*Asks:* 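I have a structure I would like to understand better, so I am pasting it below and will then ask my questions one at a time.
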Amino acid sequence: MSLSPMEVIFMFVGGLGIFLYGIKQMGDGLQAAAGDRLRDILNRMTSNPVRGVIAGILVTVLIQSSSGATAITIGLVSAGFLTLRQAIGVILGANIGTTVTAFIIGLDIGAYSLPILAIGSFMLFFFKSNQITNVGRVLFGFGALFYGLELMGDGVGPLADLEYFQNLMLAMSDNSFLGLAVGVILTVIVQSSSATIAILQNFYDNGMIDLQAALPILLGDNIGTTITAILAALAGSIAAKRAALVHVTFNIIGATIFMILMPLFVIYVGYLEDILSLNKPMTIAFAHGSYNIINTLIHLPFVGALAWLVVKIVPGRDFSEDFTPKHLDPLLLKQSPSIAIQGAQSEVKNLGELVLSTLQDARQYSDKQDDKLFKQIEDKVNVVSTLQDAIRGYLLDASKYEISQDDTERVSTLLEVSRILLKVSSQAKNMADQYHHKYENNINLSDEAKEGLEDLYSHVYESFTMSLESLDVYNPQALEQVIRLSQKSHRIENKLRKEHIKRLSRGECSTDSGTLYVELISNLERIGYNARNITETNLNNVTEEFMNDDFTVYD
């Protein structure tokens, strides 16, 4: 049956769309079925490059996308959750994990795609259990993947008879660099190496391309997939840009080595095809897997050198590097839990300094719109969340050991203080968001309102600074001072609200500016209360007489 050019295009593009949708559904279903544990996997399995590679493989298999796994890794690096050396291992593993899709495609079960689709659909629509529906999503995606492949195969078949296409394939067989460029461009356009490798498997399966031309395209696909990492890092931190550069460097170096050794690579893949009696799609899958495993083994001993190289190419110091955990030593926790808890206290102080820095940035942003500063505030809030999570995990581990009653109480106190600091971090971000809304909507505050907010901020800032100082020294007098500042802040807040009502009644204040002003006052008041809560929590075992009924953590 002959197809018109329009039918060929529709079948190919439609098949590609169904294939991509199937990949996404299968990945989403696998991730949901396994639970949202990506962050936990990356946290616990990146202590060394080898474990990082395993983590990268697992995460990529779960979400069925090396680009997605790399983007997640870059996001965690940007938030300070992973170091550059940890991220390198994950990125290497992600390149191996993505080969699983090619091996799945190599299975010759396209004839069963529609029944698999039907079973997945029934599980999705006729069952209420989350576990069953997640499995249904996996099966639906699995069926859609193969159905899309079948459509693509039917669509590209007639291309083999076109003289222009035959000449292009011959040219790529004679010129490996042309094939490499085709692979890069195609993957950049489609934004999925799994999809472009599936297309390559289809071409090879239909006899439209020989192995000599197919393997350079395969290498180009692996370079092209780095575009996602580059896009993910464009607005990221310095550390995120370095992680993206690792992904690019890894694939370019690997492709260069294999292009030099291309005749040997062709012989090796042809030997695998013959000795294992592989079908055409599975041959490409073995070539893809071999390339990424060998490339990873080449790079694994040089993780440190790779990290050094990207630091040289992307110079500068990322602020997240200054706030990575320095006192959370797992070995010390096993040998001397009591001393380890003291280290955790220093880390909580480090967390407090970061929150204070975020609050200062929010204050600075209130004077002038600065997109770079606003992005820095967002990054710092992410690092606070990461650091607090690490402290919390460390303290919970400490509580599992035999420790004294005093240490038990100290662990409880540090957990609560770190939680409050996380709240203050969010409130500092809220303050920046409120001023961002002011700039975006051209809302003006009167000079009187600005002076009042500055006065309130000064008292809140002083109170918060003193609460952090109380973390190092058991000083009941510090609580008295913080309480006095808190009471004064409360009086200022009441005064500002009354003056605001007067301005409203005189028509001197618009609705938008009035709403913003009240929100800013309330936000600063919450920060002030939480400063007092930090001090009370820290000193409650020394100064019970200062505790009272208004002890509240404000969200």
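Predicted, not measured: the structure shown is a model, and the values here were computed from it.
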*Asks:* Are side-chain heavy atoms of Leu421 and Val384 found at a separation under 4.5 Å?
*Replies:*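 They are not in contact (no side-chain heavy atoms under 4.5 Å apart), so the answer is no.
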*Asks:* Once rounded to the nearest 0.5 Å, what's the spacing between atom OG of Ser426 and atom NZ of Lys423?
*Replies:*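 So the OG of Ser426 and the NZ of Lys423 are separated by 7.0 Å.
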*Asks:* Which value, rounded to the nearest 0.5 Å, describes the distance between Ile341 atom CD1 and Glu409 atom CD?
*Replies:*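 Interatomic distance, Ile341 CD1 to Glu409 CD, rounded to 0.5 Å: 11.5 Å.
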*Asks:* Could you check if a side-chain atom of Leu359 sits within less than 4.5 angstrom of a side-chain atom of Tyr457, using non-hydrogen atoms only?
*Replies:*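 Touching, per the 4.5 Å side-chain cut-off.
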*Asks:* Does Arg419 come within less than 4.0 Å of Glu416, counting only side-chain N to carboxylate O?
*Replies:*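 A salt bridge is present here (some side-chain N lies under 4.0 Å from a carboxylate O).
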*Asks:* Identify the two heavy atoms, one from Gln369 and one from Asp371, that lie closest to each other, and give their separation to 0.1 Å.
*Replies:*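 That would be NE2-OD1, 4.1 Å.
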*Asks:* Which residues pass the side-chain contact (heavy atoms from CB on, under 4.5 Å) test with Val184, not counting sequence neighbours?
*Replies:*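 Val184: side-chain contact (heavy atoms from CB on, under 4.5 Å) contacts with Val188, Ile223.
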*Asks:* Kindly determine whether Lys349 and Glu353 satisfy side-chain contact (heavy atoms from CB on, under 4.5 Å), including the steps that lead there.
*Replies:* CA-CA 6 Å; Lys349 182 68 183 294; Glu353 293 296 335; 3.4 Å; yes
*Asks:* Which heavy atom of Ala362 sits nearest to which heavy atom of Ala428, and what is that distance?
*Replies:*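 Scanning both residues, the minimum pair turns out to be CB-O, 3.6 Å.
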*Asks:* Compare all side-chain heavy atoms of Tyr435 with those of Asp367 and state whether any distance is below 4.5 angstrom.
*Replies:*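 They are not in contact (no side-chain heavy atoms under 4.5 Å apart), so the answer is no.
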*Asks:* Is the closest side-chain heavy-atom distance between Lys380 and Ile377 below 4.5 Å?
*Replies:*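 Not in contact.
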*Asks:* Can you measure from CG (Asp361) to NZ (Lys375) and round to the nearest 0.5 angstrom?
*Replies:*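 These two atoms lie 13.0 Å from each other.
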*Asks:* Calculate, to the nearest 0.5 Å, the distance between atoms OG and CG belonging to Ser458 and Leu524 respectively.
*Replies:*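 Going from OG on Ser458 over to CG on Leu524, the span is 10.0 Å.
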*Asks:* Would you compute the distance between atom CG of Asn292 and atom NE2 of His288 and round it to the nearest 0.5 angstrom?
*Replies:*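 Output value for this atom pair is 4.5 Å.
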*Asks:* How long is the span from the CG atom in Asn251 to the CG atom in Asn295, to the nearest 0.5 Å?
*Replies:*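 Output value for this atom pair is 6.5 Å.
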*Asks:* Mind listing the closest non-hydrogen atom pair of Ile57 and Gly93 along with its distance?
*Replies:*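 Closest approach of Ile57 to Gly93, heavy atoms only: CG1-O, 3.2 Å.
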*Asks:* Main chain of Glu519, side chain of Ser522: is a donor-acceptor contact present, judged purely on distance under 3.5 Å?
*Replies:*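 No, Ser522 side chain to Glu519 backbone: no donor-acceptor pair under 3.5 Å.
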*Asks:* Go through the steps to decide whether Tyr291 and Asn95 satisfy the test side-chain contact (heavy atoms from CB on, under 4.5 Å), and finish with yes or no.
*Replies:* CA-CA 10 Å; Tyr291 163 72; Asn95 283 272; over 6 Å; no
*Asks:* So which heavy atom on Ala344 is nearest to which on Leu395, and how close?
*Replies:*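 Heavy atoms only, the tightest pair is CB-CD2, 3.6 Å.
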*Asks:* If only atom types and distance count, is the side chain of Thr256 paired as donor or acceptor with the main-chain N or O of Ile252 below 3.5 Å?
*Replies:*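 Yes; at least one donor-acceptor contact below 3.5 Å.
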*Asks:* Quick one: list whatever passes side-chain contact (heavy atoms from CB on, under 4.5 Å) with Thr465, sequence neighbours left out.
*Replies:*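 Scan of Thr465 (side-chain contact (heavy atoms from CB on, under 4.5 Å), adjacent residues dropped) gives Leu356, Tyr461, Glu469.
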*Asks:* Distance alone, cut at 3.5 Å: any donor-acceptor contact between the side chains of Glu347 and Asn350?
*Replies:*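 Yes, side-chain donor-acceptor contact under 3.5 Å.
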*Asks:* For the backbone of Thr408 and the side chain of Ser412, can you confirm whether one donor and one acceptor N or O come within less than 3.5 Å of each other?
*Replies:*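 Answer holds: no.
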*Asks:* Heavy-atom count check: over 12 atoms from other residues, nucleotides or ligands less than 6.0 Å from Tyr401 OH?
*Replies:*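 Buried by this count: over 12 neighbours within 6.0 Å.
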*Asks:* Can you see which heavy atom on Ile403 is nearest to which on Pro337, and at what distance?
*Replies:*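 It is CG2-CB, 3.6 Å.
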*Asks:* Which atom names give the shortest non-hydrogen contact between His247 and Thr226, and what distance separates them?
*Replies:*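 Closest pair (atom of His247, atom of Thr226, distance): O-CG2, 3.6 Å.
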*Asks:* Does atom CD1 (Ile339) have a neighbourhood of more than 12 heavy atoms from anything else shown, all under 6.0 Å?
*Replies:*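 No, not enclosed.
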*Asks:* With heavy-atom distances below 4.5 Å as the criterion, would you say the side chains of Leu306 and Val246 are in contact?
*Replies:*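 Contact flag for Leu306/Val246 side chains = yes.
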*Asks:* Which ring pair (Phe, Tyr, Trp, His ring centres under 6.0 Å) pairs, counting each pair once, include a residue from residues 345-392, with sequence neighbours left out?
*Replies:*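 Sorted result for residues 345-392: Tyr365-Phe374, Tyr365-Tyr439, Phe374-His436.
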*Asks:* Using the test side-chain contact (heavy atoms from CB on, under 4.5 Å), find all partners of Leu300 that sit at least two apart in sequence or belong to another chain.
*Replies:*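 So Leu300 forms a side-chain contact (heavy atoms from CB on, under 4.5 Å) with Pro49, Val50, Val53, Leu92, Val303.
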*Asks:* Does the side-chain contact (heavy atoms from CB on, under 4.5 Å) test come out yes or no for Asn530 and Phe464, once each step is laid out?
*Replies:* CA-CA 8 Å; Asn530 278 325; Phe464 186 72; over 6 Å; no
*Asks:* Strictly by salt bridge (charged side-chain N to carboxylate O under 4.0 Å, His left out), give each pair with a member in residues 433-446 just once, sequence neighbours left out.
*Replies:*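 Of all non-adjacent pairs touching residues 433-446, those that pass salt bridge (charged side-chain N to carboxylate O under 4.0 Å, His left out) are Lys429-Asp433.
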*Asks:* Using a 4.5 Å cut-off on heavy atoms from C-beta on, say whether the side chain of Leu396 contacts that of Leu415.
*Replies:*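 The answer is yes, as the side chains (C-beta and beyond) meet within the 4.5 Å cut-off.
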*Asks:* Just jot down the side-chain contact (heavy atoms from CB on, under 4.5 Å) partners of Ser404, sequence neighbours excluded, or say none.
*Replies:*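 Ser404 satisfies side-chain contact (heavy atoms from CB on, under 4.5 Å) with Asp406, Asp407 once adjacent residues are dropped.
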